[in-house]
Amino acid sequence: MLRQSLSSGKFRTEVPVRYLRKVALALVVLAALPFYAHADVSVPDTPAGHTLKAFLDAFNSGGHERIAAM
């Protein structure tokens, strides 16, 4: 019964070219998105901003002593 279904052409295994083009375009857009979505963000000049900057500097330094001192 399965052989009859397959040989009769009821099942299509090939993917239409227009579908592949849409998928390729979506992949290109998704690959380029991080380059356009980059925002220039700065820490605000407030007491909380100074604390955040000190923490980020200690965290990015990788020094366990500096992080523990926070």
Side-chain angles (χ1 to χ4, degrees):
M1 183 157 171
L2 183 61
R3 286 181 193 229
Q4 290 174 348
S5 299
L6 292 174
S7 65
S8 68
K10 290 183 181 178
F11 294 106
R12 266 186 96 173
T13 57
E14 60 190 43
V15 178
V17 174
R18 66 176 185 250
Y19 177 75
L20 291 176
R21 286 184 184 151
K22 288 180 182 179
V23 170
L25 178 63
L27 289 174
V28 168
V29 168
L30 288 175
L33 190 61
F35 296 109
Y36 294 107
H38 180 73
D40 186 24
V41 179
S42 61
V43 178
D45 191 23
T46 63
H50 296 293
T51 304
L52 176 63
K53 176 115 173 74
F55 170 76
L56 290 176
D57 289 340
F59 185 80
N60 288 334
S61 73
H64 296 290
E65 297 81 24
R66 282 183 69 185
I67 297 172
M70 294 297 302

Pairs satisfying salt bridge (charged side-chain N to carboxylate O under 4.0 Å, His left out), at least one member in residues 44-61, at least two apart: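 Pairs touching residues 44-61 that pass the test: K53-D57.
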Quick one: which residue pairs count as a salt bridge (charged side-chain N to carboxylate O under 4.0 Å, His left out) with a foot in residues 18-31, not counting sequence neighbours?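 Found none.
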T46: side-chain contact (heavy atoms from CB on, under 4.5 Å) partners, not counting sequence neighbours: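 Listed in chain order: P44, A48.
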Roughly how far apart are L25 CG and L20 CG, rounded to 0.5 Å?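 Answer rounded to 0.5 Å: 12.5 Å.
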Report yes if some heavy atom in the side chain of F55 is under 4.5 Å from a heavy atom in the side chain of T51; otherwise report no.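 The answer is no, as the side chains (C-beta and beyond) never meet within the 4.5 Å cut-off.
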Transitive ILVMFWY cluster of V17 at side-chain heavy atoms under 4.5 Å: who else is in it?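 When side chains under 4.5 Å apart are linked, V17 ends up in no cluster with other residues.
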When Ile, Leu, Val, Met, Phe, Trp and Tyr are grouped by side-chain heavy atoms lying under 4.5 Å apart, directly or through other members, which residues fall in the same group as V28?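 Noted: V28 shares its cluster with no other residue.
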